[in-house]
Structures are given as C-alpha cells and as structure tokens.
Amino acid sequence: MRNVIYMFVVVLMLGALIGCGTAPQAQVTPTEPPAAEPQVLRLATTTSTADSGLLEAILPDFEARFNAQVEVIAVGTGQALALGESGDVDVVLVHARAREDAFVADGYGINRRDVMYNDFVVVGPAADPAGIAGIATAAEAFTLIAETGSVFAARGDDSGTSTAELGIWRSVGITPTAELNWYRSLGQGMGETLITANEQEAYTLTDRGTFLAMRDSLPDLTILVGGATVAENQDPRLRNPYGVIPVNPDRHEGINATLAEEFAAWLTSPETQAMIGAYGAERFGQPLFYPAAT
C-alpha cells in the first residue's frame, strides 16, 4: 500500500513538472522605437514671404521631408541679415541684392542662391491726388507725390522694400525727413504699412505679392504705377529678386549648417520652384512670385 501511495505521488509530481514545461508563454509585442524629435531650422525672412501666405503654403513639404520644424522670424531684410550676422538664425531668405552680396562678402553667409522674384508697385487712393496713375516709372511718380505734398506712408524698417523706396527718392534728389509733413515713416512691416496707407488715403511702395494677398482688406487702395501684372511693369528698377543664404557655421557655434543647406537646396529644387510658381495663380489670376533658381 505504501508503494502504491509513493507511485501516486511520483505521478502527480511528474505531471506538474510536465505541465510547467508546456505552459503557454506570455507573448511580448515589440514596441516601435520612439519617433525622432524634429530638427529645428531657424529662418529669418522678409515680411512679404509671410504676409503673402507663401511660406505657410510650401513649408509643410520641407518639414515632412526632413523631419524638421521651421521657426520663421518675419522681419525686414536688414533685421534678417543682422540676425544672421549674430548667429541667431541658420538661414536667411531676403530681397536686397547689394546687402545680400555684402553679407556673403563679409563672411556671414555662404553660397547665396536665386530663389524667386516679383516686383514692386506704387499703390494709392483711387482719387489719386498726385495724378500718378499710369506713369511709367516710380521715380516720376515720387516726384509728383513730393511736388503735390501728397501723403506717403513709408515702411521705415530697414527692409528690402524700404531700401528700394529710399533708393528711388535718392534718384530724384529728395531726402525724406520727419520735417516733411507729407512723408510718414512708420517703422512697420508691409502688411501694417498697407493698412495705414488705406486708412490715411496715402501712397506707398509695396511688393505686388503682399498687396494682392491683402487687397480684400484694402478697399481704398489701387495699383497706380506698375501695371496689372509683372509683365506689364515698365520700370526695371521695380523688379524684386529674392535670395536664400545659409549662415556661415564658422562664424558661430550652434548653426544647423546641414539643415540650412538642405533647406536652400530644397527651396531651389524643381519641385519647390513649381510650387512657388503656382502659388496664388488660381486665386489672383497670376502667381505672387516667379521661380528664379537656375
């Protein structure tokens, strides 16, 4: 009897051991590796590329392709280049060619590339107190504005547009100052300057793209010099080219030089150039910018 009990216990123990050996194992599902944090690209650019809506339209493509987050600082060209000089941004997209060339020559930027162009136009009240409508050149229009003392709203913000405007005044021998009660230097971006000109029935110089993008909120302003399209603009000095310049990483630590170069290459690629050339065409009957990369 004792042997029977012993054998029974042995059988139970073997069964328990066998059961432990064949018990189903818990399934471990491999986890996906965490997504990489997007790289940050600091872009200093002009207010026109932001106010026109262009950057909002094209930047998502770059961010998706390069797992990047673009921090846009929209200021005047002078301020944008100053941010590049101080190493506070990785790349600049601006429109004042002489200043861009100086930025590169002084070692702050590398490998400037043409990106796009549009043009400047002179806008003002439909009543046109200075009588400039249809005049061929901005220089002639500015002369009449000064002679009639008609109100002129100037950006006054060291931007590419401000640089172009002051150059036109110099070409006709006029130096705008605070003593001229008809000349109002605002220290504002293009959008704010257009709104002020609309409210004050003033003339101003603007890039065509920003004006077209904002025209629904500018009921009292119309294009008086520059024609209805870039092709109709008779004044060659009103052409407005844009360039992209990566900041020189040898000047400052912390410049994301690789991503800046990838951005410049992407911006000048055929695919992005096509997006730039199409932007605004359906809504306005003409592009707001024209591709210029070779």
Side-chain angles (χ1 to χ4, degrees), residues 43-65 70 72-77 80 91-97 113-124 126 138 155 159-161 164-165 188-195 197-198 204-244 263-264 266-294:
L43 167 65
T45 186
T46 70
T47 59
S48 56
T49 60
D51 289 343
S52 65
L54 175 68
L55 292 182
E56 186 178 356
I58 67 173
L59 283 183
D61 179 73
F62 174 79
E63 293 178 324
R65 285 174 184 260
V70 181
V72 177
I73 305 171
V75 289
T77 285
V91 63
V92 298
L93 173 59
V94 289
H95 65 138
R97 184 56 191 265
R113 274 153 279 187
D114 290 324
V115 175
M116 60 192 181
Y117 69 92
N118 60 8
D119 63 345
F120 295 113
V121 293
V122 182
V123 300
R155 283 183 59 167
S159 62
T161 305
E165 175 229 314
Q188 297 290 335
M190 196 70 258
E192 293 87 350
T193 300
L194 282 167
I195 290 171
N198 183 74
T204 194
L205 184 76
T206 176
D207 68 283
R208 188 187 298 271
T210 303
F211 178 74
L212 290 177
M214 294 183 61
R215 66 182 178 185
D216 289 345
S217 59
L218 306 168
D220 297 324
L221 292 183
T222 188
I223 295 176
L224 297 169
V225 176
T229 66
V230 171
E232 294 180 23
N233 196 330
Q234 302 177 61
D235 190 347
R237 76 178 304 156
L238 291 181
R239 188 179 173 97
N240 181 30
Y242 290 75
V244 62
F263 176 78
W266 168 83
L267 195 59
T268 55
S269 69
E271 296 81 6
T272 307
Q273 290 284 289
M275 285 195 287
I276 290 171
Y279 179 69
E282 183 176 347
R283 178 180 174 189
F284 302 109
Q286 59 183 292
L288 297 195
F289 300 90
Y290 292 81
T294 56

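Remember, predicted model here, so these are calculated numbers, not experimental data.
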Taking the side chain as everything from C-beta on, heavy atoms only, tell me whether Leu93 gets closer than 4.5 Å to Thr46. no
Can you establish whether the number of heavy atoms outside Glu56 located under 6.0 Å from its atom CD is more than 12? no
State, without any angle test, whether Asp119 and Asn233 hold a side-chain donor-acceptor pair at a distance under 3.5 Å. yes
Main-chain N/O of Ala292 paired to Gln273 side chain as donor or acceptor, under 3.5 Å: yes
Are Tyr242 and Ser48 linked by a side-chain donor-acceptor pair shorter than 3.5 Å? yes
N/O donor to acceptor pairs below 3.5 angstrom from side-chain atoms of residues 211-231, sequence neighbours left out:
{"residue": "Ser217", "atom": "OG", "partner": "Met214", "partner atom": "O", "Å": "2.8"}
{"residue": "Thr229", "atom": "OG1", "partner": "Ala231", "partner atom": "N", "Å": "3.4"}
{"residue": "Thr229", "atom": "OG1", "partner": "Glu232", "partner atom": "N", "Å": "3.3"}

Non-hydrogen side-chain atoms of Ile58 and Leu267 separated by less than 4.5 Å: yes
Counting C-beta onward and ignoring hydrogens, is there a side-chain heavy-atom pair between Leu288 and Asn118 closer than 4.5 Å? no
Quick one: does Met116's side chain get under 4.5 Å of Leu54's, heavy atoms only? yes
Kindly assign one of parallel, tilted or perpendicular to the pair Tyr117 and Tyr290, based on the angle between their ring planes and the thresholds 30° and 60°. parallel
Find the distance between CD (Glu165) and OG (Ser159) and round it off to the nearest 0.5 Å. 8.5 Å
Can you check side chain to side chain contact (heavy atoms under 4.5 Å, CB included) on Thr47 and Arg155, steps first, answer last? CA-CA 11 Å; Thr47 59; Arg155 283 183 59 167; 3.2 Å; yes
Taking the ring of Tyr279 and the ring of Phe289, is the distance between their centroids below 6.0 Å? no
Any donor-acceptor pair under 3.5 Å linking the side chain of Thr268 with the backbone of Ala293? no
Side chain proximity check, Ile276 to Val115, heavy atoms < 4.5 angstrom: yes
